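Encoded as structure tokens, the structure appears first; notes follow it.
In what follows, residues are counted from 1 in the order of the sequence shown. No experiment lies behind these values; they were computed from the predicted model shown.
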Amino acid sequence: MNFSPQLIALGEYLAGEFDNREQAIAEPVWYVHLRLWQRPVNLFLEDSITLFAEQANVNTLDQPYRQRIIRLRQSSDSDATVEVQYYMPQDPGGLKGAGDNPALLNTLTSEQLDLLPGCILTVTQEKLAGDRYKFTATPLPETRCSFTYLGNSIHVSLGFAATATEFHSYDKGIDPATGKATWGAIMGPYRYTKRNQYLIR
């Protein structure tokens, strides 16, 4: 399948190793210093660019968490629109550390993933100078990202913005009883800077 320039650009912008060092130094009360890996994986190759994402506190890089699969594809409504669909690995512990050790991803198959039906974003783009873009991903109207993890019901508000050099994460955990954010980008986005580019396949 021929991917649109926008889809390819988004895949390239998201693929890489990031951290929020400057933000964590400036606002340590609100922002933990995190490292984020977003590794291309050979899944859904017929119509998508797919990434494995994982993050860790820089003080405990050997204890990464929040493993997830991010699938980028053209919207069924329009070739010019990109959608982001999230999946949960059925055995996230088996992929622990794959951000820094991508060999762990070599045997991953789509059958080892659980689709998260409400965890889907639509992407808008702003053309910048040259052939650069700014992408903004927001939830579809009337959708809720919720799933069960380790026996607990998890509700998440997803969203991000991406350029060639920066990734801003708006992800927040939501208390289902109160609707209030309990973790994540409570005081505004986590502002990551790309430190290392990974090639999409």
Discussion item. I'd like to check the salt bridge (charged side-chain N to carboxylate O under 4.0 Å, His left out) partners of E22; sequence neighbours left out, ordered by chain and number.
Written reply: R195

Is [X] reaching over with its side chain to a backbone N or O of [Y], donor-acceptor style, under 3.5 angstrom?
| X | Y | result |
| --- | --- | --- |
| D91 | G94 | yes |
| Q38 | L14 | yes |
| N57 | L34 | no |
| K194 | Y13 | yes |
| Q6 | F135 | no |

Could you pull out the closest heavy-atom pair between [X] and [Y], with the gap in Å?
| X | Y | answer |
| --- | --- | --- |
| A15 | I200 | CB-CG2, 3.8 Å |
| L45 | F3 | O-CZ, 4.0 Å |
| A181 | I174 | CA-CD1, 3.9 Å |
| A185 | S169 | CB-O, 3.5 Å |

Worksheet item: Among T81, L7, D47, which one satisfies side chain to side chain contact (heavy atoms under 4.5 Å, CB included) with Q74?
Response: L7

Response to the item:
Test side chain to side chain contact (heavy atoms under 4.5 Å, CB included), reference Y190, set V32, L36, D171, output is V32

Fill in: Listed partners of Y198 passing side chain to side chain donor-acceptor pair (under 3.5 Å), at least two apart
E17, R39

Worksheet item: Should the ring pair F18 and Y192 be called parallel, tilted or perpendicular, given that the plane angle runs from 0 to 90° and is split at 30 and 60?
Response: perpendicular

Between [Y] and [X], is the closest basic N to carboxylate O distance under 4.0 Å?
| X | Y | result |
| --- | --- | --- |
| R35 | D100 | no |
| R132 | E166 | no |
| R191 | E27 | yes |

Discussion item. Testing the 3.5 Å rule here: is there a donor-acceptor pair between the side chains of Q67 and E54?
Written reply: yes

